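Here is how names work: the chains are called A, B, and so on, in the same order as the sequence lines, proteins then strands, and each is numbered from 1. Quick note: numbers below take in every heavy atom, side chains included, and nothing from hydrogens, waters or symmetry partners. Source: prediction; values computed, not measured.
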Protein chains: 2
Amino acid sequence: MSIDQASLGSVEVSLTPQQRFEEYLQSRGLRHTDQRRYLVDLVFSRHEHFDADMLIDNLPRKGKPGYVSPATVYRTLKEFVDAGLLNSFQLDGRTVFEHDYGYPQHDHLYCTQCRKLVEFQSDALTELRDAVGAEHGFRVFEHRLIINGMCSDCVKSRRRTKRKQDLV
Amino acid sequence: MSIDQASLGSVEVSLTPQQRFEEYLQSRGLRHTDQRRYLVDLVFSRHEHFDADMLIDNLPRKGKPGYVSPATVYRTLKEFVDAGLLNSFQLDGRTVFEHDYGYPQHDHLYCTQCRKLVEFQSDALTELRDAVGAEHGFRVFEHRLIINGMCSDCVKSRRRTKRKQDLV
DNA sequence: TTGTATGCAAATAATTTGCACCAAA
DNA sequence: TTTGGTGCAAATTATTTGCATACAA
């Protein structure tokens, strides 16, 4: 799965993710540990969707400096979501995380062929969602939209493949 | 989780789910067994969202007539989706199934308080989705939208609750 | 000090799969 | 007959949790 780096620009924020998280921890009487510091840095070093497993794979191995146990990774990802640093959603059965802090609200186009995720923003969608909510007496908090299809690259390569097959 | 019975009406279909499934099975050289017949009937006896576990719980116990093993239930649910009888999506980590055959395309409002699912239809959404797809060079197949919020009942009861708390 | 956080390993939960046996077509 | 289907139990996968120890405040 891949995503263009910061394809939607960013949102003005006064604190770095690290500072923001520290603030969150202090406000709750939680502790700022090396593991948490390390994971904030790693997670915000690239604007990319990832799951717990990918994150664990990118960590130093047991014994090396910077190692964080899987259990702690899972626990910390939850903290990040609570703290508003990350968002998560389900994709093909996996829990996928993405940056929330400092990044605008958006939805996704998903290529079911190459599994590429493309972000997009639509104010019309937000309006539509609020209208639907109002119509049904809902107080709307948020929504999740995923559009499944085939990206232009895959449409092209599939066409090529088809032609080849047609020649047989 | 609950849902109004057939809240969106239905779509014209010439075959019953049972007949439609039989057609599907024949076209693929698969077999129409008692278990499959039994599950089609059970699944289409109520227009309600459900997961594998709920279905298994509603089956006769081991030894009783009509018993179907969990493994077969899981295998059969997949067949139903392949056959176009059911749709599935993720909700709170569970795989939720709903009727597809004979039922119009729709999306959901989800009350995060009482876990009620409400269906709604929006042509504007389909148009918006196609426009977004086109903008990004995607060939769109389908989409999945869930609007999270609080239904009117829960908004009311929460207000009541708040007042009670305020009195303390 | 005092209460959190972490690592490890065991426990869960939801499916999936291997296999021997059963049964549609 | 032949090939797909089913039940059962074991295997998977993704997490979560209990617990003893380590550490931030």
In whole Å, what is the span from the CG atom of A/Asp53 to the C1' atom of D/dT16? 15 Å
Polar pairs (N or O, both sides) under 3.5 Å between protein and nucleotides 18-25 of chain D?
{"unit_1": "D/dA24", "atom_1": "N3", "unit_2": "A/Arg31", "atom_2": "NH1", "d": "3.4"}

Rounded to the nearest Å, what distance is computed from the CG atom of residue B/Asp92 to the P atom of nucleotide D/dT15? 15 Å
Here the distance between atom P of C/dT15 and atom CG of B/Asp51, to the nearest Å, is 7 Å
B/Tyr38 atom OH is separated from D/dT6 atom P, nearest whole Å, by 15 Å
Partners passing salt bridge (charged side-chain N to carboxylate O under 4.0 Å, His left out) against A/Arg37 (at least two apart in sequence or in another chain): A/Asp34
B/Ser69: which residues meet the side chain to side chain donor-acceptor pair (under 3.5 Å) condition with it, sequence neighbours left out? B/Thr72
In chain order, what residues pass the salt bridge (charged side-chain N to carboxylate O under 4.0 Å, His left out) check against B/Asp57, with sequence neighbours excluded? none
Give a yes/no on whether any side-chain N or O of A/Arg36 is located under 4.0 angstrom from OP1 or OP2 of C/dT4. no
If the condition is salt bridge (charged side-chain N to carboxylate O under 4.0 Å, His left out), which residues does B/Arg36 pass it with, not counting sequence neighbours? B/Glu79
So, is A/Arg94 close to the D/dA14 phosphate, meaning a side-chain N or O under 4.0 Å from OP1 or OP2? no
Residues pairing under ring pair (Phe, Tyr, Trp, His ring centres under 6.0 Å) where one sits in residues 54-83 of chain B, two or more places apart or in two chains, turn out to be B/Phe21-B/Phe80
Using a 4.0 Å cut-off on heavy atoms, which residues in residues 77-86 of chain B reach DNA chain C? List them by number, or say none. B/Lys78
Mind jotting down which residue pairs meet the salt bridge (Lys or Arg N to Asp or Glu O under 4.0 Å) criterion with at least one end in residues 122-151 of chain B? Sequence neighbours excluded, please. none
Which pairs count as ring pair (Phe, Tyr, Trp, His ring centres under 6.0 Å) when at least one residue sits in residues 123-156 of chain B, sequence neighbours excluded? none
Scan side-chain atoms only and decide if B/Asn87 and B/Tyr103 contain a donor-acceptor pair under the 3.5 Å cut-off. no
Within residues 56-70 of chain B, find the residues that approach DNA chain C with a heavy atom at under 4.0 Å, and present them sorted by residue number. none
Grab the two heavy atoms, one from B/Tyr101 and one from B/Leu15, that are nearest each other, plus how far apart they are. OH-O, 2.9 Å
Who pairs with A/Thr95 by side chain to side chain donor-acceptor pair (under 3.5 Å), at least two apart in sequence or on another chain? A/Gln90
Distance test, side-chain N/O of B/Thr95 to OP1/OP2 of C/dT15, below 4.0 Å: yes
In whole Å, what is the span from the OH atom of B/Tyr74 to the P atom of D/dG7? 15 Å
Atom CD of B/Gln90 and atom P of D/dT13: how far apart are they, to the nearest Å? 18 Å
List in chain and number order the residues that pass side chain to side chain donor-acceptor pair (under 3.5 Å) with A/Asp53, two or more places apart in sequence or in another chain; answer none if no residue qualifies. none
